[in-house]
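Chain letters run A, B, ... following the sequence lines, proteins first and then strands; every chain starts at 1. This one's a predicted model, so the numbers in the text were calculated from it and none came from an experiment.
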Amino acid sequence: MTSEVLTILEKDGKVQKGKDPNLSDDRLRLLFATMVKARILDERGLTLQRQGRIGFYLQALGQEASHVGSAAPMLDSDWFFPAYRQPGIPLLRGAELDQIVCEWFGHQGDPSKGRQMPVHYSLRSINFVSISSPIGTQISQAAGAAMAAKIRKEDTVFMTYFGDGGTSSNDFHAGLNFAAVYKAPVVFICENNQWAISVPASRQTGSETMAQKAVAYGMPGIRVDGNDVLAVYRVCQEAVDRARKGEGPTMVETVTYRMGSHSSSDDASRYRDEEEYERWKQRDPIVRFQEYLARRKLWTAEWQAELEQEFKDQLNAAIKRAEAAGKPELGSMFDDVYLKPSAQLLAQRTQLQSLGGAADEEIGEFPL
Amino acid sequence: MTSEVLTILEKDGKVQKGKDPNLSDDRLRLLFATMVKARILDERGLTLQRQGRIGFYLQALGQEASHVGSAAPMLDSDWFFPAYRQPGIPLLRGAELDQIVCEWFGHQGDPSKGRQMPVHYSLRSINFVSISSPIGTQISQAAGAAMAAKIRKEDTVFMTYFGDGGTSSNDFHAGLNFAAVYKAPVVFICENNQWAISVPASRQTGSETMAQKAVAYGMPGIRVDGNDVLAVYRVCQEAVDRARKGEGPTMVETVTYRMGSHSSSDDASRYRDEEEYERWKQRDPIVRFQEYLARRKLWTAEWQAELEQEFKDQLNAAIKRAEAAGKPELGSMFDDVYLKPSAQLLAQRTQLQSLGGAADEEIGEFPL
Amino acid sequence: MANMTLLGAVNDAMATEMRNDDRVVVFGEDVGKKGGVFGATVGLQDEFGTDRCFDTPLSECGIIGTGIGMAVYGMRPVAEIQFLDFIYPAFDQIVSEAAKMRYRSGGEYTCPMVIRSPYGGGIRGGHYHSQSSEAYFCHTPGLKVVIPSTPADAKGLLIASIRDEDPVMFLEPKRIYRTVKGEVPEGEHVVPLSKGRVVREGTDCTVVAYGAMVHICEQAAEQAAKQGRNLEIVDPRTLVPLDEDIILSSVKKTGRCVVVYEAPKTCGYGAEIAALIAEQVIEYLEGPVVRVAGFDTPFPYALENLYMPDVRRILEGVQRTFTW
Amino acid sequence: MANMTLLGAVNDAMATEMRNDDRVVVFGEDVGKKGGVFGATVGLQDEFGTDRCFDTPLSECGIIGTGIGMAVYGMRPVAEIQFLDFIYPAFDQIVSEAAKMRYRSGGEYTCPMVIRSPYGGGIRGGHYHSQSSEAYFCHTPGLKVVIPSTPADAKGLLIASIRDEDPVMFLEPKRIYRTVKGEVPEGEHVVPLSKGRVVREGTDCTVVAYGAMVHICEQAAEQAAKQGRNLEIVDPRTLVPLDEDIILSSVKKTGRCVVVYEAPKTCGYGAEIAALIAEQVIEYLEGPVVRVAGFDTPFPYALENLYMPDVRRILEGVQRTFTW
Ligand SMILES: Cc1ncc(C[n+]2csc(CCOP(=O)(O)OP(=O)(O)O)c2C)c(N)n1
Ligand SMILES: Cc1ncc(C[n+]2csc(CCOP(=O)(O)OP(=O)(O)O)c2C)c(N)n1
Ligand SMILES: [Mg+2]
Ligand SMILES: [Mg+2]
């Protein structure tokens, strides 16, 4: 066990010798483009919230390398049990932008039919399991899905995400324990962004690192520089391979930083120092990766400007469509409780429909 | 971190040089006598269950050194949050035998008023907090009580017990985490008796030892031969001292063996080998301790026979009284839900009383 | 047909569905070699191997959390919780996750999972081995709640539950695991969910009961009959979604209703039945709707017999419906 | 007297009791420097230090488990659960431990603890920041359940809860945290538990409501009054142990009753009220007992306004009590 952090990207885009995962040029550019898009998505999301057009938003600012780098080694047939701070994964895997944006509005076109707060995606087309708010619950679910794949002798690999705060949850303990006992093909990604809303990682646990928690379960625990997309990729590629080969689970701690507030409801300046932010800004994962790419002549300012513009255009168009799509119709509220609505649900739907229209706007007078 | 196990008592009552905790003769004899009494208590308890005189029993057979040795360094003012397999602690601390035995019967004289199954004691007189059945819940409670003592600047130390199975519980994770974060004065004793009912420790967790789970919380985790009362005493004395000095929690794994079935409802022969039992029988904690005492001329067969007889007599007398004491009266069922019974409880009590007597025996005809 | 205990029928149902559908896996604490603390899973590991029937670490949270993952991935997990009293470490996974997976994902992901657990008093299990907390689950949209009272129903309802596309809490009245026997169809046997059963026809007062209480109510009905009172007993079998009609039409006929349940009275499932009646068919009532239930205390050990509804208390309840 | 929001009153109650009794400690996620996600604990860490008001790791299980330990040891812990939707990881500690500590130990050990949590819909919190699960706790003997609807009650009831010798679930209707203001006595102010309040007197129909729903019912009553229907609104304030008399005597007077609650209808707290009426005062009823509640679905996001009882639905419910 060590508290050492694997870093590959050094100052000015240099790399540590012998550690480069040697990705193809296309792959490198894809990772970069995805990180840039994720940041744009986050920017627009928060803006829409500030404009009062959507009800809530939550950014992954500064954590783009951590989640894009870890997700990249996964095959299309592999599954994610995400937390709420991995917007780059849907972008990386080519999910439809309309589905994402409709979810923000809770409007028609949202695969989850307006049932959840913004950024709680469900994207079955890319094996991205419905996000839920309760912290940690996805961890043991991912372990279980991996147990199932193993029982069925399928070689699917599972990856699940959680924060430093998430390591304190019941499901962290249960999920890692079960995964290790059954040697399930799952990779646990702890994105240690140093904060759980206002609680610093140092008050979250008495352990020096999150990775060392893996010792409790007898599984490898690896610490990696979460703002270094190459290092994250490398470590996760190894973990995914290990899982696929039947060698069991791995926990990876990506050491990173939440550069924004927790969410649109939070104001980090109430509880943390500007200075800490400034320190981490020096390690911005997009800038570091860009320097590396530039050094390898894989990046130009024009290329980036172009991909940004293209993505912004797509996004704007999607937002326009989503905003216009309107809320799900009243009756849909009673669907999907069960495969078929119960008699009770049918009666309740009829009763609500008989009142007519939405109470949404002004509440009319009910004749007594 | 090491999987080494501290042992002091070697073959034929010899001790490892320099490791003897150097207890006084009286103290040594007290520990031995307590272990012997605990075994007698367990014998009688199971017999009463087999005779159909009490409803359930659960023994600590083979684990006497583990719990008596760990509890012994605690001061009278210190607190226990026990599991259900530490009968020696009440005996060591001089709890009233009548209270213990009345609890078995659920009869008047039981401090918990016949509300729990046998062996779920509550013994406030010795700071022995009410035992509950749900596995692990005492662990975070002990951490909390220790946090409270620290906040109040009192120097009470807390000790809590759980099994190998208990390490998988939610409260193990939460309790150790909180204790470490707040540096609370608590000692966590994991009695690893190799089995959780029919599930072996090797299927309970992927970790090689239970002690290494302490690493996850940044606290010391120590492994000790749980059938060696001197080794257990020594390790726990250090842990208690550390807690009292404000240096925070410790987890101790006592490596021991459940020599009987899980409880009177279980039959271990269905799922485990006789041979394993025979191996552990060679390490019987009472025999090993006796050899040591004999070597030091602190033990004679007559002394043991005498103390056994004396305890059996006391126990028989207590059983006689307890059996005769009878069930708690009907109305008491409604007490202690709250400090004062609610209007609803009063009404329910009246209603039940108006039906008269106990439905216990034959149910009479109710006039319509 | 075979004569079986309720416990045997539960075992038979699992074996039948495991033969029938290789997505079905059974797991929980001590369900493997030991065959469960009550023996409900005896023989399953031998027949289906350790991949299909396996022991878990001591974590209900993990049992249900991993079970949900299996279900989402396409299995048909059947999880055993050793006693219903010990289900609470998994409560978050059940109410926040299993119950809401289909809804919150707009139907993209589903959770066809059965959670089996022995529940209820009557075995001298005391404080923590006797509780009846069905109402918690009944108040959780997205869950179905099923409680059998006979061996044939136990088998047929459990098979239906395993085949259901949604999560089902299958609660087994442990008090009658071995005491109630009956004929059970061999092989495939399905009793549809959300259909109640009239246990005994009668004209004077409807008694709604489920689980072990059905049998106590039958005793009460026999005694009442001797005194000229004709009770109709209705067993909903599926508590949620409820077969309201079978209850409402019985009450319309008798004009009276007693609901019997072991759980603490306040906010128990019987409150739902009473509320339903008060809302839907109050105009037919000729007396108060009476609840005969456990008291509003934790479950006691020594006085268990007094705590649980017995014939006396049921008859007294019936009597109250006649005297307002 | 000071004019305060309900949120301010909650804060004031804690500060008052912390000054008054040094056994009172306040803890939970983000309650320290940040002062809580809603601001309920703002200023407490500054005034009382990090020993008396402190942040915890992200574990509700740990918050309640350690809180119980503190209470057993003699403190007066006040634990904040950030949203009631997130309380379930601690459900085992609450229902198996806090609720049963006094009973199972024969009174040797007690658990005088307050668990505060914002609950309910109306803030666009969606699926997991809006639920009303009071019924789970009401069905758990050993717990008390308190829900204020005004700033003065919030302060007085919270102080009474902290002083109570038993565990209290103190649920705060977050929808009206800032929207409802009122005069609140300064310093010591105690509103006794288990005493309801007649919010508005009326003669035609009793409306039972608590939390945010009280205010929607007041709007409904005003509208009804314009149409000549005189509603009596009763707020039980303490759900368990309930002040039955205040409800029963109101229903005896009006002969009609509607119960309004945000939670899913089935097995919700309103079922208890309806059952109570059907059992105790059915002979006074002139119409069905109607429940106006959330639907039997998980809490939706986009259609939240339709999910929660509104004036329309309340009036429709009142209307049903007149037309059977
Ligand atoms: C069980 C539970 N408790 C509390 C919350 C409220 N909450 C939402 S996010 C959060 C902090 C999470 O921190 P971390 O796990 O580090 O993830 P991060 O937000 O930093 O990515 C909290 C306390 C919740 N969602 N679920
Ligand atoms: C939460 C919970 N789940 C299941 C049980 C049933 N049960 C009682 S004891 C036991 C095994 C405990 O094993 P361990 O923790 O190793 O303690 P030991 O009995 O070996 O001393 C189980 C599964 C329980 N009491 N509580
Ligand atoms: Mg974080
Ligand atoms: Mg054990």
To the nearest 0.5 Å, tell me how far A:K213 NZ sits from B:N177 CG. 5.0 Å

Quick one: closest heavy-atom pair of A:Q212 and B:V215, and the distance? NE2-O, 2.9 Å

Looking at every non-hydrogen atom in both residues, tell me the closest pair between A:A216 and B:A216 and how far apart they are. CB-CB, 3.9 Å

Looking at A:E208, I'd like to know if its CD atom is crowded, meaning that more than 12 non-hydrogen atoms belonging to other residues, nucleotides or ligands lie closer than 6.0 Å.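 No, the 6.0 Å shell around CD holds no more than 12 heavy atoms from other groups.
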
Members of residues 186-197 of chain B whose heavy atoms come closer than 4.5 Å to chain A: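 No residue falls under the 4.5 Å cut-off.
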
Using a heavy-atom cutoff of under 4.5 Å, enumerate the residues of residues 146-175 of chain B that contact chain A, numbered in order, or state 'none'.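 Against chain A, the residues of residues 146-175 of chain B that fall inside the cut-off (heavy atoms, under 4.5 Å) are B:T167, B:S168, B:S169, B:N170, B:F172, B:H173.
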
Option in B:G248, B:S207, B:A180, B:S202 with maximal non-hydrogen atom pairs under 4.5 Å from chain A: B:S207

With a 4.5 angstrom heavy-atom cut-off, is it the side chain or the backbone of A:Y182 that approaches chain B, or both, or neither? side chain

